[in-house]
Amino acid sequence: MSVMEGCWNLESDYRLRDVNSGAIVQVNRWQVCLDAQGRGNQTLRFSDGTTCEAPVAASFNSAGRLVLRDQGNVQCSNGTQIFERVTTCSLNSQGQADCVTTQRETNSRSNVRLRR
């Protein structure tokens with residue numbers, strides 16, 4: 001896990017849909033910071049100024065891919081929450097993490113890229 005230690009930042013487009021209103025909200029910033037044991041915290045900031053913070057845990061799956069797991073639903077400053085996500089990543093040749101984020105409750109998938 002020490003290879004993933006440090007902070008990773010969103011480098012691609014990332015949007016989430018509000019399940020109550022149906023509105024699509026742009027994620028302007030997503031930072032995931034991990035320690036050498038794969039424990040960490042994440043912060044998301046949306047285009048409307050809402051921030052969301054929560055713990056995250058990282059591990060490698062049997063295929064050697066990094067798996068980031070929200071530790072429950074992610075609580076946000078405006079009283080909303082992001083359903084728990086699982087993000088599976090592969091490192092590319094530029095040292096970036098190409099990831100697929102899934103949510104069980106909404107049956108949704110998003111492709112995102114993170115960089116250190």
Side-chain angles (χ1 to χ4, degrees):
M1 282 309 309
S2 62
V3 70
M4 298 306 295
E5 185 177 9
C7 292
W8 293 79
N9 295 286
L10 181 67
E11 189 175 76
S12 64
D13 186 44
Y14 186 27
R15 299 171 190 212
L16 296 174
R17 183 178 57 83
D18 183 311
V19 296
N20 295 320
S21 69
I24 304 295
V25 184
Q26 177 71 38
V27 178
N28 287 348
R29 180 175 183 256
W30 179 22
Q31 183 176 64
V32 179
C33 295
L34 301 170
D35 66 16
Q37 288 73 44
R39 294 181 304 259
N41 289 298
Q42 61 181 321
T43 303
L44 296 100
R45 180 176 294 277
F46 292 90
S47 56
D48 66 0
T50 299
T51 57
C52 310
E53 297 183 21
V56 64
S59 61
F60 286 99
N61 66 16
S62 60
R65 293 196 171 112
L66 177 70
V67 179
L68 301 169
R69 292 184 184 277
D70 293 344
Q71 300 299 283
N73 293 341
V74 178
Q75 302 302 312
C76 301
S77 61
N78 65 356
T80 63
Q81 61 184 350
I82 301 168
F83 290 126
E84 183 177 342
R85 297 162 301 153
V86 176
T87 304
T88 305
C89 305
S90 298
L91 290 180
N92 65 30
S93 60
Q94 291 81 37
Q96 301 159 321
D98 291 322
C99 308
V100 175
T101 297
T102 59
Q103 283 181 314
R104 184 181 60 228
E105 289 82 2
T106 61
N107 196 32
S108 63
R109 295 172 53 98
S110 297
N111 294 319
V112 297
R113 176 171 287 157
L114 300 172
R115 66 169 167 74
R116 202 180 326 233

Please name the pair of heavy atoms, one in [X] and one in [Y], separated by the smallest distance, quoted to 0.1 Å.
{"X": "V74", "Y": "C52", "value": "CG1-CB, 3.7 Å"}
{"X": "E53", "Y": "T43", "value": "CG-OG1, 3.7 Å"}
{"X": "Q103", "Y": "R85", "value": "CG-CG, 3.4 Å"}
{"X": "C89", "Y": "T87", "value": "SG-CG2, 3.8 Å"}
{"X": "D18", "Y": "N20", "value": "OD1-N, 2.7 Å"}
{"X": "C76", "Y": "I82", "value": "SG-CG1, 4.1 Å"}

Under a single-linkage definition using a 4.5 Å side-chain heavy-atom cutoff for Ile, Leu, Val, Met, Phe, Trp and Tyr, are L44 and V86 assigned to the same hydrophobic cluster?
->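 Not linked; separate clusters.
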
L114 reachable from L91 in the ILVMFWY side-chain graph, under 4.5 Å edges |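 Per the 4.5 Å side-chain linkage, L91 and L114 are co-clustered.
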
Excluding sequence neighbours, so at least two apart, what forms side chain to side chain contact (heavy atoms under 4.5 Å, CB included) with N92?
->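 Once residues adjacent in sequence are excluded, the partners of N92 under the side chain to side chain contact (heavy atoms under 4.5 Å, CB included) criterion are Q94, Q96, D98, R113.
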
Does V100 have any side chain to side chain contact (heavy atoms under 4.5 Å, CB included) partners at least two apart in sequence or in another chain, and if so, which?
->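 V100 satisfies side chain to side chain contact (heavy atoms under 4.5 Å, CB included) with T102, R109, N111 once adjacent residues are dropped.
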
Evaluate the side-chain contact (heavy atoms from CB on, under 4.5 Å) criterion for residues L34 and L68: first the C-alpha distance (whole Å), next the side-chain angles of each, then the deciding distance (0.1 Å), finally the verdict.
-> CA-CA 10 Å; L34 301 170; L68 301 169; 4.1 Å; yes

Nearest 0.5 Å, what's the [atom1]-[atom2] distance between [X] and [Y]?
{"X": "D48", "Y": "S77", "atom1": "CG", "atom2": "OG", "answer": "8.0 Å"}
{"X": "E105", "Y": "E84", "atom1": "CD", "atom2": "CD", "answer": "7.0 Å"}
{"X": "N9", "Y": "R115", "atom1": "CG", "atom2": "CZ", "answer": "5.5 Å"}
{"X": "C7", "Y": "N41", "atom1": "SG", "atom2": "CG", "answer": "9.5 Å"}
{"X": "Y14", "Y": "C99", "atom1": "OH", "atom2": "SG", "answer": "10.0 Å"}

Backbone of G79 reached by a side-chain donor or acceptor of Q81 within 3.5 Å =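 Looks like no, no N/O pair under 3.5 Å.
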
Could you tell me whether the side chain of S110 and the main chain of T101 form a donor-acceptor pair under 3.5 Å?
->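 Checking the backbone N and O of T101 against the side chain of S110, no donor-acceptor pair under 3.5 Å is found.
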
Consider only side-chain N and O atoms of R65 and S90, and report whether a donor and an acceptor are under 3.5 Å apart.
->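 Present: a donor and an acceptor within the cut-off.
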
Can a donor-acceptor pair be found between the side chains of D13 and Q26 at a distance below 3.5 Å?
->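 A donor-acceptor contact under 3.5 Å links the two side chains.
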
Can you pull the ring pair (Phe, Tyr, Trp, His ring centres under 6.0 Å) pairs that have at least one residue in residues 95-116, sequence neighbours excluded?
->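 Every pair satisfying ring pair (Phe, Tyr, Trp, His ring centres under 6.0 Å) with a residue in residues 95-116: there are none.
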
Using ring-ring contact (aromatic ring centres under 6.0 Å, His included) as the criterion, list what pairs up with F46, not counting sequence neighbours.
->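 Applying ring-ring contact (aromatic ring centres under 6.0 Å, His included) to F46 gives none.
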
Could you list the residues that satisfy side chain to side chain donor-acceptor pair (under 3.5 Å) with R17, not counting sequence neighbours?
->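 For R17, no residue satisfies side chain to side chain donor-acceptor pair (under 3.5 Å) once neighbours in sequence are set aside.
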
Residues that, via side-chain heavy atoms closer than 4.5 angstrom, fall in one hydrophobic cluster with F83 |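 Traced through the cluster, F83 reaches V19.
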
Test L16 against V25 for side-chain contact (heavy atoms from CB on, under 4.5 Å), laying out the working first.
-> CA-CA 5 Å; L16 296 174; V25 184; 5.5 Å; no

Any chance CG of N107 has more than 12 other-residue heavy atoms, nucleotides or ligands included, within less than 6.0 Å?
->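 Atom CG in N107 is not packed in, count stays at 12 or less.
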
